[in-house]
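Each chain gets a letter, A, B and so on, in the order the sequences are listed, and its residues count up from 1.
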Amino acid sequence: MLEIRNLTASVGGNQVLNGINLSIQAGTVHAIMGPNGSGKSTLSNVLAGHPQYIVDGGEVLFDGVDLLAMPPEERARAGIFLCFQHPVEVPGVRMDHFMRAGYNAIHKSHDEEELDPIQFDRILKDKAKIVEIDPLLLKRNVNEGFSGGEKKRNEILQMAMLEPKLSILDEPDSGLDVDSLRIVAEGINQLRSPDKAVLLITHYQRILNYVVPDVVNVLINGRIVRSGGKELAAEIEANGYEGQGEALQPSA
Amino acid sequence: MTTPDSLAQSEYKYGFVTDIEEETAPRGLTEDTIRWISAKKNEPEFMLEWRLRAFKHFMTLVENHQEPKWANVHYPPIDFENGVYYAAPKTNPASLEDVDAEILSTYEKLGIPLEEQKRLAGVAVDAVFDSVSVATTFKETLGKQGIIFGSFADAVQEHPDLVKKYLGSVVPYTDNFYAALNAAVFSDGSFCYIPKGVRCPLELSTYFRINAAESGQFERTLLIADEGSYVSYLEGCSAPMRDTNQLHAAVVELVAMENAEIKYSTIQNWYPGDENGVGGIFNFVTKRAKAAGNNSKISWTQVETGSAITWKYPSVLLQGDNSIGEFYSVALTRGYQQADTGTKMTHIGANSRSKIISKGISAGHGSNTYRGLVKIMPKAANARNFTQCDSLLIGDQCGAHTVPYVEVQNSSAHLEHEAFTSKVSEEQLFYCRQRGMSSEDANSLIINGFCKEVFQQLPFEFAVEATRLLEVSLEGSVG
Ligand SMILES: Nc1ncnc2c1ncn2[C@@H]1O[C@H](COP(=O)(O)OP(=O)(O)OP(=O)(O)O)[C@@H](O)[C@H]1O
Ligand SMILES: [Mg+2]
């Protein structure tokens, strides 16, 4: 589904991604772990098309199509969803209005039916139950005054509404209490299906006990230095990243 | 291919011209012009005298070069002595049925059908075409409750006592340069009187259309809400695209008696000029309300998207104890538009309260100034004001300025002021686009959010209209 080849990218004048290679098959969950500042969010932003992130080289194919040539909204319409590490506030815009605008834009681009507020509300309420979000929260302005956990659950709710093919989840588990963690993980698991894939960025093995990954990738200094099964997460949690980097450093 | 012409066309869709024979006053501004206009309208003596006094005063202002210069707007000098001060369709309809088909279709194109079958439900409209009111809908329905709503000219004929009593009582002709000019030459406008204790069952609305090529438009609106009454009133405006500037100098006077409430909303969409700043309306308007009695309430809401230059300060004299004055404004400038707008809240009565919410949006080379005065008079014990002025910049060629003045002569007053300047942030745009929205839709969503507090004040139908207008106006300015 997703093919990343030799991707290099920079932000704010710093080269952050130094040649990423990653192949994600439909039906799988890939975890990415890596130290702070190693480029995990940069990778997610590059994949989603954030204009501040500049691709310097390499290519990315999504279902065989050149992803990097598409503007962000087209990537979203093609089925790419980014669960933001730090979602922004949008003053004066109600959360449910925001979500319906995106939902309808995506559906319209597929010549599918757009929903009026009442129809949309009905579906939204059902999905909100899954992530245990109080519907009143959705009448508030986008992310304004949401707690850390509410923000994360709300991102997962948006994912559930849009049913994307590829969900890129940038630390959906950070800052969550045990209950929220379970709720978020269940939300992710509900979406797993043979035709969908998940790229899950995390620092902790905890969430991987719920959302069991097919592959764990270790990202250091803008490169994937190691990939393995779910045991790799436990190993990293136990030993840290020390020693991971050198193992595969090319002897330049 | 998009030529600059078609671009301007697509941005301002009200720019068409109605092909109709019009009668105009002879070019120039002399005592004869004033007499000509007054005679044309068959006015009683008191009106002519008042106009002539205003004219004299205006001429002394012109001689002494007292055209206002303090606003943050720039334009070449206006040749007042060489203007055309009156233009009206030649046919003078006796009733709605007789209104020229061209004019009816003009209003229909503007989205304000006047014919009975097509009218907006719940809204009574007075349609002003150049210098005269051509039609008023729902007159009889309103008449049953004693509400007077129609053209100013009719009111002068039918209710001279009311006109005489209130004309100039809030904005005297000595008030300022343009108020003096308006008093001398104004041709028509809307008049409205709500009797004691009546809650007006319809939205009242006036739609101003400038059509003639060279004339200025000088209308005057007078609205009186007697004790314990309520009315919500809305005005809209548009004009054809022309490459010369046209002057629009209107006066609006509102009087709310004890326990009465007036909600006055404006959606101003005069032709703003083209993308190089050629043409467009000079919108120099004096609007003031008197909250005359105890518990009187006045609320101004304005959405200003049009005009080359806007110079406008809807104000409230808070005379009564516990009276309330509100000002909600969205002003958008793009291209080379300039806006200097704000309000003046003069607290005279005890416990009087005022609230100012101003949202300025600048795009392109637009310049947007908020200018406001909150004045607390010695007897206004415990007066309160809250002011919030927010500016949103789109691009880096535009400007926003905030000029809030405060004069406090009673130490028990409580004033709060907040001001923010922001840009539509790349993070917000990206968030919206990541969810599938186009960048235009994302921009308009964010900008609408910025304007929400103001749009919420508009009657529902017009809130939708305002949202759409803002979207159309910003097309091509963002992205
Ligand atoms: N806008 C920017 N301007 C300059 N440098 C940036 C910018 N955004 C990110 N960086 C830098 O790029 C590097 C990678 O950042 P990134 O956010 O991708 O890290 P991360 O792996 O997601 O870290 P964390 O685990 O802390 O979330 C960091 O050194 C960061 O400072
Ligand atoms: Mg990160």
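Minimum heavy-atom separation, A/Met95 to A/Val142: SD-CA, 3.7 Å. The minimum heavy-atom distance linking B/Lys312 with B/Gln302 is given by the pair CE-OE1, 2.9 Å. Closest approach of B/Ser362 to B/Gly399, counting heavy atoms only: OG-O, 3.1 Å. Taking both residues in full, the closest heavy atoms of B/Arg433 and B/Ala442 are given as CG-CB, 4.4 Å, listed atom of the first, atom of the second, then distance. Scanning both residues, B/Thr341 and B/Ala331, for their nearest heavy atoms gives CG2-CB, 4.0 Å.
If you measure heavy-atom distances from B/Phe450 to chain A, the contacts under 4.5 Å come from the backbone alone. In this structure, the portions of B/Cys432 lying under 4.5 Å from any heavy atom of chain A include both its backbone and its side chain. Only the side chain of A/Leu162 comes within less than 4.5 Å of a heavy atom of chain B; its backbone N, CA, C and O stay farther away. Neither the backbone nor the side chain of A/Glu74 comes within contact range of chain B, judged by heavy atoms closer than 4.5 Å. At a 4.5 Å heavy-atom cutoff, the contact between A/Asn141 and chain B is made by side-chain atoms alone.
Counting heavy-atom pairs under 4.5 Å between each of B/Gly449, B/Ser438, B/Cys451 and chain A puts B/Gly449 at the top. Between chain B and the residues A/Leu82, A/Val90, A/Ile80, A/Ile106, the largest count of heavy-atom pairs under 4.5 Å involves A/Leu82. For the set B/Gln434, B/Lys452, B/Glu427, the count of heavy-atom pairs under 4.5 angstrom toward chain A peaks at B/Gln434. Heavy-atom pairs under 4.5 Å with chain B peak, among A/His97, A/His107, A/His86, A/Arg77, at A/Arg77.
Taking the side chain as every heavy atom from C-beta outward, A/Leu169 and A/Glu155 never approach each other to under 4.5 Å. Contact of the B/Glu304 side chain with the B/Thr266 side chain is registered, since non-hydrogen atoms from C-beta on lie closer than 4.5 Å. Looking only at side-chain heavy atoms (C-beta outward), A/Lys151 and A/Phe84 stay at 4.5 Å or farther from each other.
Within the structure, side chain to side chain donor-acceptor pair (under 3.5 Å) pairs that include any residue of residues 116-137 of chain A comprise A/Lys127-A/Glu163 (at least two apart or interchain).
The pair A/Asp96-A/Lys139 counts as a salt bridge, with a side-chain nitrogen and a carboxylate oxygen less than 4.0 angstrom apart. Under the 4.0 Å criterion applied to side-chain N and carboxylate O atoms, B/Glu418 and B/Lys355 are not assigned as salt-bridge partners.
B/Ser367 and B/Gln338 are not linked by any side-chain donor-acceptor pair at a separation below 3.5 angstrom, with hydrogens and angles left out of the test.
By the 30° and 60° cut-offs, the orientation of the rings of B/Tyr370 relative to B/Phe327 is tilted.
Listed by chain and number, the residues in a side chain to side chain donor-acceptor pair (under 3.5 Å) with A/Asn18 are A/Gln15 (sequence neighbours excluded).
Applying a 4.5 Å heavy-atom cutoff, the residues of residues 37-59 of chain A that approach chain B are A/Asn45, A/Ala48, A/Gly49, A/His50, A/Pro51, A/Gln52. Residues of residues 61-73 of chain A lying within less than 4.5 angstrom of chain B, judged on heavy atoms, are A/Pro71, A/Pro72, A/Glu73 in numerical order.
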